[in-house]
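Just the heavy atoms: all of them, side chains too, but no hydrogens, waters or symmetry mates, feed the values below. As the structure is a prediction and not an experimental result, all values here were calculated from the model.
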Amino acid sequence: MRIATWNVNSLKVRLPRVEEWLALRGPDVLLMQETKLADEAAPLLPLRMAGYDLAHHGEGRWNGVAIASRVGIEDVSLGFDGEGPAADGARFIAATCGGVRVISVYAPNGRALGTPFYAAKLDWYERLAAWLSGHADPRADLVLGGDLNVAPEDADVYDPRVYIGTTHTSGPERAAFRELLDWGLVDAYRRHHPESGRFTWWDYRAGNFHKGLGMRIDHLLVTRSLAERSTGAEIDRDARKGKLPSDHAPLWLDIERDGEGPA
DNA sequence: ATGGTCGCGCAGCGA
């Protein structure tokens, strides 16, 4: 089973790139973020033509998360339980695909340390952790993926000195990220790639992609049962190239089916 | 050169 995540930065603009990428890499499940669409505008038919069902949670204009699956999609939930879909800013969608509970999240950016936006980011992480504690089991198969807007280690940025005093690498953000790991999730990409300098996002400006100036802020966090069955993970830098790219690259993880050997 | 580029939507904000 191949599970991928991609901040597409407008599914409307990116649809051709997404269709192309689905055909190329053939993920069973694709978690998307920043679709920037209202639910009525979600491209259900084009994805259906590509063989995927789509569950979408959007508010239009900003944010918006989705799950595309070619192995079924059931028990869709929008937003953190108890808050209702409107309260989460269209940053959380969960569904069961091929027997695995998958969650697509788009963490708040935080903008700058000490701002209300930064406080809201940390608060969102607390609510995410509370949701996990209340509604998920670390012993079950679960994937929490998306744009978490945190580079968990210094190895996840091109130069840690550049980020001193900024968001994405601050102590409280990294502590919030580590709380997810402490709950029972494993950073699936790191399990396969210990090396530094592997990024999922590069600023559009100043040729940063071509200069290799990026951050690893998109993640696939999986419970141990899945981590033990994972056979590989890759960031697809090629998808950041070419015509009309997102500023994020997709990331995927391959998992053996439960039971009898590789899928 | 004290910016740089996108997407949204039609000014200027957010990332």
Side-chain angles (χ1 to χ4, degrees), chain A residues 5-21 30-43 46 56-66 86-93 104-125 128 145-152 156-170 172-174 176-177 199-219 235-251:
Chain A
T5 184
W6 195 3
N7 180 324
V8 294
N9 187 19
S10 171
L11 185 52
K12 182 182 174 183
V13 172
R14 218 64 62 206
L15 182 60
R17 297 286 306 242
V18 170
E19 290 171 318
E20 175 190 46
W21 194 80
L30 174 62
L31 314 177
M32 287 178 278
Q33 302 84 37
E34 283 206 86
T35 64
K36 298 185 176 178
L37 293 174
D39 290 335
E40 312 86 75
H56 185 269
H57 175 35
E59 56 176 44
R61 287 196 180 89
W62 295 295
N63 311 326
V65 285
D88 83 320
R91 295 178 180 278
F92 179 104
I93 185 170
S104 176
V105 295
Y106 174 48
N109 174 285
R111 298 194 201 177
L113 303 190
T115 63
F117 305 99
Y118 179 72
K121 181 178 191 174
L122 296 178
D123 178 63
W124 182 88
Y125 262 93
L128 176 60
D147 179 355
L148 285 157
N149 267 318
V150 172
D156 298 316
V157 298
Y158 72 92
D159 182 354
R161 290 170 300 181
V162 169
Y163 293 95
I164 293 169
T166 76
T167 58
H168 293 66
T169 62
S170 74
E173 287 166 277
R174 285 178 166 174
F177 184 93
F199 308 133
T200 63
W201 173 86
W202 302 259
D203 199 309
Y204 279 125
R205 294 170 290 187
N208 275 11
F209 176 66
H210 301 285
K211 295 176 190 165
L213 309 181
M215 285 198 277
R216 193 176 69 96
I217 57 177
D218 300 87
H219 304 284
I235 295 165
D236 195 352
R237 284 185 79 259
D238 288 342
R240 178 64 175 76
K241 303 174 183 172
K243 196 176 167 188
L244 288 178
S246 170
D247 47 354
H248 295 252
L251 158 72

- Among all residues two or more places apart in sequence or in another chain, which pass the side-chain contact (heavy atoms from CB on, under 4.5 Å) test with A/D203? A/W201, A/R205, A/N208
- Item | Atom-pair distance (NZ on A/K243; P on B/dT5), nearest Å | 19 Å
- Message: Could you tell me how far B/dC6 sits from B/dA11 if I compare only their C1' atoms? Round to whole Å.
- Response: 16 Å
- Please state how far atom CG in A/L37 lies from atom P in B/dG7, giving the value in whole angstrom units. 13 Å
- C1' atom, B/dG14 versus B/dG9: distance in rounded Å? 13 Å
- Task: Quick one: list whatever passes side-chain hydrogen bond (donor to acceptor under 3.5 Å, both in side chains) with A/R174, sequence neighbours left out.
- Result: A/D154
- Message: Measure CG/A/L244 against P/B/dC6 and give the value in whole Å, please.
- Response: 9 Å
- Query: To the nearest Å, how far apart are A/L11 CG and B/dC8 C1'?
  - Reply: 15 Å
- Please round to the nearest 0.5 Å and tell me the distance separating atom CG of A/N149 and atom CD of A/E173. 8.5 Å
- Message: Tell me every residue that passes side-chain hydrogen bond (donor to acceptor under 3.5 Å, both in side chains) with A/Y118, counting only those two or more places apart in sequence or in another chain.
- Response: A/S170
- Item | Which residues share a side-chain contact (heavy atoms from CB on, under 4.5 Å) with A/P108, sequence neighbours left out | A/R91, A/K121, A/W124
- Query: What integer number of Å spans the C1' atoms of B/dT2 and B/dC10?
  - Reply: 28 Å
- Task: Could you check how far NZ of A/K211 sits from P of B/dG4, rounded to whole Å?
- Result: 13 Å
- Roughly how far apart, to the nearest Å, are B/dA15 and B/dG4 at atom C1'? 14 Å
- Do any side-chain nitrogens or oxygens of A/S10 fall under 4.0 Å of OP1 or OP2 in B/dC6? no
- Grab the CH2-C1' distance between A/W202 and B/dG4 for me, whole Å please. 19 Å
- Query: Which residues pass the side-chain hydrogen bond (donor to acceptor under 3.5 Å, both in side chains) test with A/N109, sequence neighbours left out?
  - Reply: none
- Query: A/P245: what forms a side-chain contact (heavy atoms from CB on, under 4.5 Å) with it, not counting sequence neighbours?
  - Reply: A/R17, A/R240
- Query: Is the count of non-hydrogen atoms from other residues, nucleotides or ligands lying under 6.0 Å from A/K241 atom NZ greater than 12?
  - Reply: yes
Write out a two-atom table: protein N or O, nucleotide N or O from nucleotides 13-15 of chain B, distance below 3.5 Å.
| from | atom 1 | to | atom 2 | distance (Å) |
| --- | --- | --- | --- | --- |
| B/dA15 | OP2 | A/R111 | NE | 2.9 |

- Message: Taking side-chain hydrogen bond (donor to acceptor under 3.5 Å, both in side chains) as the definition, give me every residue that meets it alongside A/T200, ordered by chain and number, with sequence neighbours left out.
- Response: A/D218
Short N/O separations, protein against nucleotides 9-11 of chain B, under 3.5 angstrom:
| from | atom 1 | to | atom 2 | distance (Å) |
| --- | --- | --- | --- | --- |
| B/dG9 | OP1 | A/R61 | NE | 3.2 |

